[in-house]
Structure formats: C-alpha cells, structure tokens
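These notes concern the structure reproduced below.
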Protein chains: 2
Amino acid sequence: MSRPDQQQPEPKYWHLKTVLSQALDTEFSVGQTLPNERELAARFGVARATLRQALDQLELEGRLQRRRGVGTTVAPPRFGVDVSPGQHTWPGTAGDPWVATDCTVAVPPRAVADALGVAADRPVETVRRTLFTHGQPIGTEHLFIPPGVLPAGEGTDNARGADRAGAVLARLQLLPWGGRDRAVELGSAGADAARLLDRLPGSPVLIVTTGYASGGSPVAVGVATYRADTCRLTFGDQEPLSLTAS
Amino acid sequence: MSRPDQQQPEPKYWHLKTVLSQALDTEFSVGQTLPNERELAARFGVARATLRQALDQLELEGRLQRRRGVGTTVAPPRFGVDVSPGQHTWPGTAGDPWVATDCTVAVPPRAVADALGVAADRPVETVRRTLFTHGQPIGTEHLFIPPGVLPAGEGTDNARGADRAGAVLARLQLLPWGGRDRAVELGSAGADAARLLDRLPGSPVLIVTTGYASGGSPVAVGVATYRADTCRLTFGDQEPLSLTAS
DNA sequence: CAGTGGTCTAGACCACACC
DNA sequence: GTGTGGTCTAGACCACTGA
C-alpha cells in the first residue's frame with residue numbers, strides 16, 4: 001500500500017462490503033459471531049469507521065445483526081410479514097395476530113389528523129398494538145380513532161390499558177366495512193418504537209400507514225412500524241407462488 | 001444553552017436531528033438550500049461527522065436531499081407510487097407506465113432462479129424497465145422470464161434492446177393470467193441501479209419483488225428498485241381515502 | 001470486570017458541479 | 001478555479017452485555 005498511485009473510483013467501504021458479503025456466503029453460517037470491529041478493521045487495513053460503513057450497509061440489507069455489548073452475528077433470512085389488503089376486516093377481529101396492549105386518548109400527529117379530517121388539536125382514541133413473530137417483537141402500531149365515529153358500546157368509559165383497547169376495537173368493528181388503503185415508506189425508529197422493537201433510536205424501519213373507511217369517510221388510521229432489518233412485507237394477490245427471494 | 005450541566009443519555013446527533021427537523025418545518029421551504037455542512041457543524045459546535053449523522057437520518061426520512069458538488073436542499077413530500085395488485089395484467093400492457101429499455105439473455109440471481117424453478121446457471125430473458133414520474137427516474141426493474149415458458153411469437157430472434165424487450169413482453173402477455181404476489185423490503189442500491197436512479201451506490205432503496213404465475217406455476221419474476229428517499233409505495237384496497245400522511 | 005458496539009473529534013483528501 | 005458533499009484516518013471515550 002505504499003503505492004497510492006492509480007486512483008480507484010471504488011470506495012474502500014464498497015469493496016469491503018463486497019468482500020465481506022462473499023465471506024458471509026461461504027465461510028459463515030446463520031447466527032455465527034464475526035470477529036469484533038477492531039480486529040476486522042485491522043485485518044483489512046482500514047480505520048474502524050470505514051469498516052463500520054461497510055457493516056452498516058450489510059446490516060441495512062439484513063445480512064448482519066449487531067448488538068452493543070454482544071457482537072455482530074450473521075442474520076437469518078428476513079421474516080415475511082403479511083400486510084396484504086386480503087381479508088376485508090377491521091383490526092382486532094378474530095385471527096388478527098396483533099396484540100393490543102394499551103389505549104389512551106391523545107392528540108395524534110398532524111398528518112394523521114389531516115387524514116382523519118379532524119382538527120389538529122383534537123384528541124383521539126390511540127390504541128397501541130404489537131406484532132410478535134417467533135417470540136420477537138416485529139412491529140408496533142398506533143391506531144388512531146376519533147371517538148365521534150364510534151358507535152355506542154360498553155366498557156370504554158372507565159377502562160384502562162388493554163381492556164380499553166379491546167373495548168374500543170370492539171366498537172370499531174360494529175361499523176360497516178368501507179375499505180382501506182395502505183402505503184409503505186422508509187423511516188427511522190423513534191425513541192418509543194426503538195425500545196419496543198429492541199433497536200437503537202434511529203434504526204431504519206418500514207412504516208406502513210393504513211387508512212380505514214366506513215360509509216365513504218375515514219374512520220381510523222394505523223401507523224405501523226416494522227424492523228426494516230428483519231422484515232419483508234408481503235402482500236399477495238391471491239397465493240400463487242411462495243417467493244423467497246432475498 | 002450555556003448550561004451543558006446534566007449528562008444527557010441522548011446522543012448529540014439525535015438532539016441535532018430534532019433541532020434541525022424543527023428548523024426545517026419553521027424556517028425553510030421546499031427546495032431551499034441549507035448552509036453547507038462545515039458551517040452547520042461550526043454553528044452547532046460539533047464535528048462535521050456528527051452533523052452528518054443527523055443529516056443522514058433526515059435524508060433517510062425523506063426530509064432532505066443531498067447532492068455532491070451542489071448542496072443540501074429541503075426535499076418535497078414523497079411521491080406516492082402505486083404498486084397495488086389491482087389490475088390483473090401482465091407487465092407491459094397498455095397503460096403500464098414502465099418503459100422497457102433493454103433486454104438481454106443472462107443468468108439471474110440465485111434467489112430468482114429458485115423462485116422460477118430453473119437451474120441456477122440457466123440464462124433467462126432479462127428485461128430492464130424504468131419508471132419515470134415528474135420527469136424523474138423513480139424506480140428500475142429487472143424482469144426475469146425463462147424462455148421455455150413463453151409461447152411462440154415474432155420478433156424475438158434477432159431483436160435487440162427495446163425492440164427485443166417489447167417482443168418478449170408481447171409473448172408473455174399471451175399467457176393466461178395466473179396471479180402474482182409481492183414483497184417489499186429494504187435494500188441498498190447496486191452500482192447499476194444507483195446510476196439509473198441518480199443516486200450514489202449504497203443508497204437505501206425499497207426493493208419490490210413480484211412473482212407472476214400462469215397455469216399454477218411461476219413464469220416471471222420482477223425485481224424493482226425504488227428510491228427510498230423520494231418514494232412512498234401505495235397499494236390501495238379499493239380507493240377509499242386519499243391518505244397523505246408522512 | 002473485560003469486551004463489545006455506539007458516539008465523537010479534528011483533521012485530511014477526493015469526486016463532482018458550476019462558473 | 002471555488003465550493004460542495006463523500007470518503008477516510010487514528011485516535012478517544014461512552015453505554016451496554018455478560019461472565
């Protein structure tokens with residue numbers, strides 16, 4: 001390396017990533033722990049920051065999993081999480097794998113208030129739900145429901161926590177189904193979502209926004225946050241293939 | 001702020017991001033150019049690397065747009081790109097906004113070969129398509145089609161480039177529709193996709209994998225790459241709401 | 001406790017866009 | 001050219017995990 005002669009348009013971290021990626025394919029198996037960052041950097045003759053740039057990308061692609069105080073391991077293939085608009089049902093009906101853990105009355109983010117067509121400072125029912133797969137928290141969701149749209153029902157007035165969440169969802173389910181639409185985009189985990197998903201704040205997440213309608217007008221909005229490193233969101237048309245591409 | 005007394009478990013870049021985010025909301029408008037990184041870092045009293053960590057996250061969230069040699073600007077809201085399994089049609093039929101630019105015969109990635117049920121070293125028709133919105137390249141796709149599944153058709157034998165792509169898609173469209181399924185995940189742009197999307201290699205992208213079936217077996221696989229910074233993928237159930245949450 | 005990944009610094013040079 | 005963001009270095013210290 002005493003020859004910094006010809007310029008390479010290829011950044012070091014990019015080359016590193018390629019080399020590491022091949023090594024992961026051939027010399028490591030799922031769950032195995034890599035050498036620590038200082039040793040890897042030394043082995044490749046780069047600064048730790050440069051090595052970390054390569055690891056960052058591999059983590060983004062779901063090939064690695066890093067945990068502070070523990071180490072870097074080879075990640076298993078991503079979970080497929082079904083988010084298809086398949087069954088036309090309200091959240092919380094039988095078979096819904098999400099677990100509602102809490103419900104409060106709070107002012108939603110402005111974008112949600114706009115989508116619901118309510119004033120920006122209007123408190124709404126806010127149900128928090130979490131999705132577990134293989135024992136791991138995979139996604140967390142806030143469901144926002146203006147009290148005004150809910151038909152009468154029992155158990156909401158004094159209930160707290162999971163009980164209130166169940167009661168609110170039960171009342172929501174009394175409404176006639178009016179369709180929903182969804183959007184997926186990239187985001188970064190807020191402090192609360194990061195804690196629930198066992199990630200650091202700022203970790204990349206997939207944000208799925210769902211709008212529910214009834215009688216032609218919006219009645220609920222869900223904002224779900226999935227770990228982008230471990231999740232693949234699937235939405236089948238019917239069920240033609242079992243696609244397991246990476 | 002002259003009181004740096006109590007320790008904050010909150011990283012500097014996280015706090016910076018919050019401050020910048022608020023500033024973007026209140027003091028800047030879409031398209032406006034921010035001060036350069038060195039000046040921002042000096043203004044906030046942090047190293048440039050730290051400032052960049054905050055900017056990285058804001059860019060990930062689609063709030064900023066950075067271009068080497070130019071500067072950092074406030075990003076417009078993300079485009080909504082429809083990827084719903086709505087119309088049951090083959091790629092390339094009338095009304096399909098994708099532009100097919102090239103077609104070669106090449107060995108696909110192993111995951112694609114597996115999904116198609118062909119040998120890992122088997123060359124397949126590989127159509128490259130690009131999606132433009134507002135004059136900007138938003139996504140790029142590789143469609144993989146084993147020649148064996150295609151019914152007879154004209155114009156494929158000697159055609160090259162866009163002509164061959166058109167001919168291959170025309171033959172594909174002769175097959176009876178058998179459904180499709182899709183998956184979305186996070187990835188990083190390869191060198192080729194990065195060039196087409198006017199991004200740097202390694203930029204975060206949303207990867208949409210589509211499997212097409214006919215007669216109960218897989219006949220084509222599409223791997224589409226969308227700019228994660230500027231795109232929001234939408235898949236409506238019907239068309240109930242116009243959701244514009246961020 | 002020792003070992004890990006996460007944060008931060010203060011520089012340097014490079015690749016690129018624009019004039 | 002000048003000015004921008006992108007890459008890279010060689011350190012330092014912090015926060016966390018687990019023995």
Side-chain angles (χ1 to χ4, degrees), chain A residues 1-2 4-18 20 32-60 64-75 188-189 191 194-195 198-204 229, chain B residues 4 6-17 20 32-60 64-75 188-189 191 194-195 198-204 229:
Chain A
M1 70 275 291
S2 48
D5 32 26
Q6 54 211 8
Q7 82 292 358
Q8 69 273 6
E10 180 146 291
K12 276 191 187 178
Y13 77 88
W14 185 263
H15 180 246
L16 250 185
K17 175 191 153 189
T18 307
L20 284 169
Q32 195 172 349
T33 301
L34 271 63
N36 71 55
E37 298 184 349
R38 289 161 180 87
E39 182 180 334
L40 279 177
R43 187 179 300 184
F44 287 106
V46 300
R48 183 155 80 109
T50 304
L51 172 77
R52 279 181 59 82
Q53 225 176 326
L55 294 184
D56 284 345
Q57 288 219 4
L58 290 171
E59 194 180 21
L60 200 75
L64 291 180
Q65 213 157 337
R66 293 194 282 183
R67 310 212 344 173
R68 164 158 42 177
V70 179
T72 302
T73 56
V74 181
S188 59
R195 202 177 341 100
D198 189 28
R199 299 259 65 198
L200 290 175
S203 305
D229 56 342
Chain B
Q6 53 211 5
Q7 85 289 356
Q8 68 276 7
E10 179 148 286
K12 276 191 187 179
Y13 77 87
W14 185 263
H15 180 245
L16 251 185
K17 174 192 153 188
L20 284 169
Q32 195 172 349
T33 302
L34 271 62
N36 72 55
E37 298 184 349
R38 287 159 180 90
E39 183 181 334
L40 280 177
R43 186 178 302 183
F44 288 105
V46 299
R48 184 155 78 110
T50 305
L51 185 266
R52 279 181 59 82
Q53 224 176 328
L55 294 184
D56 284 346
Q57 288 216 5
L58 289 170
E59 194 181 21
L60 200 74
L64 292 179
Q65 212 158 333
R66 293 195 280 183
R67 310 218 331 176
R68 163 152 52 176
V70 179
T72 302
T73 56
V74 180
S188 60
R195 200 177 341 101
D198 189 28
R199 299 259 65 198
L200 290 175
S203 306
D229 57 343

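In this text the structure is predicted, and so the values were computed from the model without any measurement. Residue numbers start from 1 in every chain, and the chains themselves are labelled A, B, ... in the order their sequence lines are given, proteins ahead of strands.
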Round to the nearest Å and state the distance from B:Phe44 atom CZ to C:dT9 atom C1'. 18 Å
Between P of C:dG3 and CG of A:Leu40, the distance in whole Å: 17 Å
The side chain of A:Glu37 lies closest to which of these nucleotides: D:dT9, C:dC18, C:dG6? C:dG6
Hey, does the side chain of A:Thr50 come within less than 4.0 Å of D:dT9's phosphate (OP1/OP2), counting only N and O? yes
Can you tell which of D:dT7, C:dG5, D:dA10 lies closest to the side chain of A:Arg66? C:dG5
Answer yes or no: does a side-chain N or O of A:Tyr13 lie under 4.0 Å from OP1 or OP2 of D:dT7? yes
Residue A:Pro11, side-chain atoms from C-beta onward, closest of C:dT9, C:dT7, D:dC8: D:dC8
Quick one: B:Gln65 CD to D:dT4 C1', roughly how many Å, whole number? 15 Å
Nearest-Å distance, CD (B:Gln53) to C1' (D:dC14)? 14 Å
Could you tell me the separation between the CZ atom of B:Arg195 and the P atom of C:dC16, rounded to a whole number of Å? 13 Å
Let me know, please, whether B:Arg48 or A:Arg38 comes out on the 5' side of the other along DNA chain C by nearest nucleotide. A:Arg38
Between CG of A:Leu64 and CG of A:Asp56, what distance do you get to the nearest 0.5 Å? 10.0 Å
Residues B:Leu20, B:Leu51; criterion side chain to side chain contact (heavy atoms under 4.5 Å, CB included); working and verdict: CA-CA 10 Å; B:Leu20 284 169; B:Leu51 185 266; 4.2 Å; yes
For the side chain of B:Arg52, counting heavy atoms from C-beta on, which of D:dT7, C:dA10, C:dG6 is nearest? D:dT7
Do A:Thr18 and A:Glu10 come within less than 4.5 Å of each other through their side chains, counting heavy atoms only? no
At under 4.0 Å between heavy atoms, what does A:Leu200 touch on the DNA or RNA strands: base, sugar-phosphate, or nothing? sugar-phosphate
Spacing between B:Glu59 atom CD and D:dG6 atom C1', to the nearest angstrom: 11 Å
Crowded around B:Arg48 CZ? As in, over 12 foreign heavy atoms under 6.0 Å? yes
Whole Å only: how far is the CZ atom of B:Arg67 from the C1' atom of C:dA15? 14 Å
Proximity to the side chain of A:Arg68 - top-ranked nucleotide from D:dA10, D:dC16, D:dT7: D:dC16
From CG of B:Asp198 over to P of C:dC16, roughly how many Å is that when rounded to an integer? 13 Å
For a 4.5 angstrom cut-off between non-hydrogen side-chain atoms, does B:Leu60 reach B:Pro204? yes
Respond yes when some side-chain nitrogen or oxygen of A:Thr72 is under 4.0 Å from OP1 or OP2 of C:dT4, and no when none is. no
First encountered from the 5' end of DNA chain D, between B:Pro201 and B:Asn36: B:Asn36
